[in-house]
Amino acid sequence: MRKEIIINSSSSQTRVAITEDGNLVDFFVENPEKQRMVGNIYLGKIARVLPGIRAAFIDIGLKHDAFLHFSDIGDRLEALQSVLDDEDDKEIDDEDDDESPHQKPQNKPEQSTHKLHKGQDILIQIIKEPVKDKGVRVSSSLSLPGRFCVLLPFDTKIGVSKKISDYKERKRLRRIAREILPDNCGLIIRTAAKDQSEKHLASDLKYLVKTWKTIEDEAKSSKPPKMLYNDVSTTRSVIRDLFTEDVNRVFIDSKKIFKEIRDYVQFIQPELVEKVVYYKESQPIFEVFKIEEQIKQLLGRKVQLPSGGHIVIEHTEAMIVIDVNSGRYAAKKEQELNSLKTDLEAAREIVRQLRLRDIGGLIVVDFIDLEDDKNRKKIYDELRKEFKKDRARIAMLPMTDFGLMQITRQRVRENIMQSVNEVCPYCLGTGLLTKKSHMIHEIEDWIKKYKNSGKEKKLILKVHPSLGVKLKEGLFSTLFKLQSKYFIKLKLVEDNKMSPQEYQFISALSEKEITENVK
C-alpha cells in the first residue's frame, strides 16, 4: 500500500490530506482565524464550582470560561498544584496506556474534587476545542507529546502504545523508559518509537523535559489567566504524529512550509528527511493527486456506494444520523443477500467518512433491515474491524431488530463541516426558509394586533426584496389589500441586507422600529 501526505497551502488556509493508494483517508484544515487549541496549557483561575453538575468553570482569558469536569481532574492534582507552591512530589508507577497525547484521564479518585474553590489558581490543558457556543474542555492531567513519547508531569505510569504488540519490543521500550525518565514524571511510549534506539528516545524526552521546566518556571512567575504553552500547529502535529516510516512521501506546495517541515523532520528523525518533497509544478497539487474531487464528495450529505446504494449523513443538534439506502429493487429471495452486501459496503464507508469528516459525539446509523441475526453480527464485526484504523476512541452497541446501531466517537475538535462552513444567516442552519405566503400571514397578523393598540395611521414596512416582490405583485397587490382592509398607510422599503425570514415595522413619525412592541 502506498501512503502519502499532501500539504496544500494558500493565503487563507492550509489543507493536509493523507492518502492510501490514492484514496483520501484523513483530511485536516487549518485556518488563520481559527488556530488549533488542543494541547495548549494555561494558568487559569477557577470562576465557579458547580457540584450539581460535577464541574468547574475556569477563566483562561478566552470568550467563554473553560469547562473542567470532575472526571477530568487528575489524581496528581496536589502534586501539580505544588508547581504553583514550589513543592515536590515523587512517585512512579508502571502500567499500560494508549499513546494519544491528550486523552481524557481514567478512573480518577473523587476525593480530589472537593479541594477546588472559587478564585483558586490552577494549571489546566485543553483537551477539546470549543464547539458553537460552548467553551473549551480542559483537564488538570497535563501531557506533552513528542515524536516518540508523551511526557506526563507528576503522573504515576510508564505506558507503551497498545499498537506495539511484540512482547520483547514492549519490554525493551519499557526498560529504556525507566532508565531515562527523570523523577516526578510518567511516560507513554508512542507507536513511532518501535525499533528506535535509546539515543532517539532520550533526545525526544530531553526536549520534552526542557519544555516542561520552562512551563513550570513560567507558571511560578505569572498571574492568571495566562497561556503557558502553545502546542504545535495542525500541520506540524500531523507530521509529528502521523509521518511514520510506512509513509512513502510528503509533498508540500509551499516553500516556507516545506523548509519548516524539513528542518523539523531533520531534528526529530533525520532518516525520514529525504521523503519530504517540495512540489514545484504549476498545476494545483490537490488536482494532480485527485484530492479535490474527493473533498467535494466529502462535503456532501450523500455518499455513493460501489454497488449502487448510498448513505445520507445528517447533522442535528444532538447527534449525527446516517441513513443507508439500497440502490435497486431485488427479488425477495435475494433481498437479504443484497441488503447484507449494501450494509457491509456502508459500514466500511461510514467509518471512512467519520474519520475524514472528524465527526464526534453520538452517531445513529439506520442500516437496511436484516432478518438473520448472523448477518447483523457481520455488520457489527465489520465496523469493529474498520474502526481499528481510527485513532479516536470508539464505543458501539449491537444492531437492534429495527436495523439501528448506536456509536459514540471521541470528539476533540470541530468536524470538517464546521471548519469550512458557516451557519446560513437566512435559515440559521435548518436548510429551510419560511414560505413567503406564511411571512405575509405573519405581517397581516401583526397589523391586526397593532390596530387594537396603535394610534399611528402611517407605518414603514421594511422587508427583503424577494418578499417585497410578493407583496407588490398583481393588479390588486397584497400591499394594497392590507392597507384597504385595515385602513392604514404602509410605505414599503426593500433592503438587501435583511434576511428573507424577517420584516420590520417602523414608525413614520419617530422613525423608530416598533416590531417588538406588538406581541
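All figures in this text were calculated on a predicted structure; none of them were measured in a lab.
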Problem set entry | Side chains of Glu513 and Thr515, donor plus acceptor under 3.5 Å | yes

Problem set entry | Exercise: do Asp373 and Asn375 side chains pair donor with acceptor under 3.5 Å | no

Exercise. Is there a donor-acceptor pair closer than 3.5 Å between any side-chain N or O of Thr14 and the backbone N or O of Ser10?
Worked result: no

Problem set entry | Thr408 OG1 to Ile394 CD1 distance, which is reported to the nearest 0.5 Å | 7.0 Å

For this session: Taking side chain to side chain donor-acceptor pair (under 3.5 Å) as the test, write out the residues that go with Lys385, two or more places apart.
Result: Glu382

Problem set entry | With Glu218 via side chain to side chain donor-acceptor pair (under 3.5 Å) - residues at least two apart | Lys226

Seminar exercise, completed: Taken in chain and number order and not counting sequence neighbours, the residues that satisfy salt bridge (charged side-chain N to carboxylate O under 4.0 Å, His left out) with Glu198 are none

Atom pairs and distances, donor-acceptor, side-chain atoms in residues 44-53, under 3.5 Å, two or more places apart:
from  : atom 1 : to     : atom 2 : distance (Å)
Lys45 : NZ     : Gly119 : O      : 3.2
Lys45 : NZ     : Asp121 : OD1    : 2.9

Exercise. side-chain contact (heavy atoms from CB on, under 4.5 Å) with Ser203: which residues, sequence neighbours excluded?
Worked result: none

Exercise. Would you say the side-chain atoms of Asn40 pair up with the backbone N or O of Asp231, donor to acceptor, closer than 3.5 Å?
Worked result: yes

For this session: List for me each residue that meets side chain to side chain donor-acceptor pair (under 3.5 Å) alongside Gln269, sequence neighbours excluded, and say none if there are none.
Result: Arg147, Glu271

Problem set entry | Residues which pass ring pair (Phe, Tyr, Trp, His ring centres under 6.0 Å) with Phe505, listed by chain and number, not counting sequence neighbours | Trp446, Tyr503

Problem set entry | Residues Gln125, Ser139; criterion side-chain hydrogen bond (donor to acceptor under 3.5 Å, both in side chains); working and verdict | CA-CA 5 Å; Gln125 184 169 35; Ser139 169; over 6 Å; no

Exercise. Looking only at atom types and distance, does a side-chain atom of Glu20 sit under 3.5 Å from a main-chain N or O of Val25, one as donor and one as acceptor?
Worked result: no

For this session: Please confirm whether the backbone N or O of Glu386 pairs with a side-chain atom of Arg352, one donor and one acceptor, at under 3.5 Å?
Result: no

For this session: Please step through side-chain hydrogen bond (donor to acceptor under 3.5 Å, both in side chains) for the pair Ser161 and Thr191, ending with a clear verdict.
Result: CA-CA 6 Å; Ser161 169; Thr191 308; 2.9 Å; yes

Seminar exercise, completed: Those residues at least two apart in sequence (or on a different chain) that pass salt bridge (charged side-chain N to carboxylate O under 4.0 Å, His left out) with Asp390 are Arg409

For this session: Please check if the side chain of Glu129 supplies one atom and the backbone of Met37 the other of a donor-acceptor pair under 3.5 Å.
Result: yes

Seminar exercise, completed: Asn8 meets the side chain to side chain donor-acceptor pair (under 3.5 Å) criterion, sequence neighbours left out, with Arg15, Asp253

For this session: Check for a donor-acceptor pair, side chain of Arg137 on one end and backbone N or O of Leu68 on the other, with a separation under 3.5 Å.
Result: no

Exercise. Is there a donor-acceptor contact under 3.5 Å from the side chain of Asp204 to the main chain of Phe148?
Worked result: yes

Problem set entry | Partner residues of His64 under the ring pair (Phe, Tyr, Trp, His ring centres under 6.0 Å) criterion, sequence neighbours left out | none

Exercise. Just by modelled atom types, is the Gly135 backbone N or O under 3.5 Å from a matching donor or acceptor in the Asp65 side chain?
Worked result: no

Problem set entry | Test item: Ile180 and Leu201 side chains (from C-beta on) under 4.5 Å apart, heavy atoms | yes

Seminar exercise, completed: For Lys206, the salt bridge (charged side-chain N to carboxylate O under 4.0 Å, His left out) test, sequence neighbours excluded, returns none

Problem set entry | Partners meeting salt bridge (charged side-chain N to carboxylate O under 4.0 Å, His left out) with Glu169 (sequence neighbours left out) | Arg172

Exercise. Between the side chain of Glu30 and the main-chain N/O of Gln13, is any donor-acceptor distance below 3.5 Å?
Worked result: no

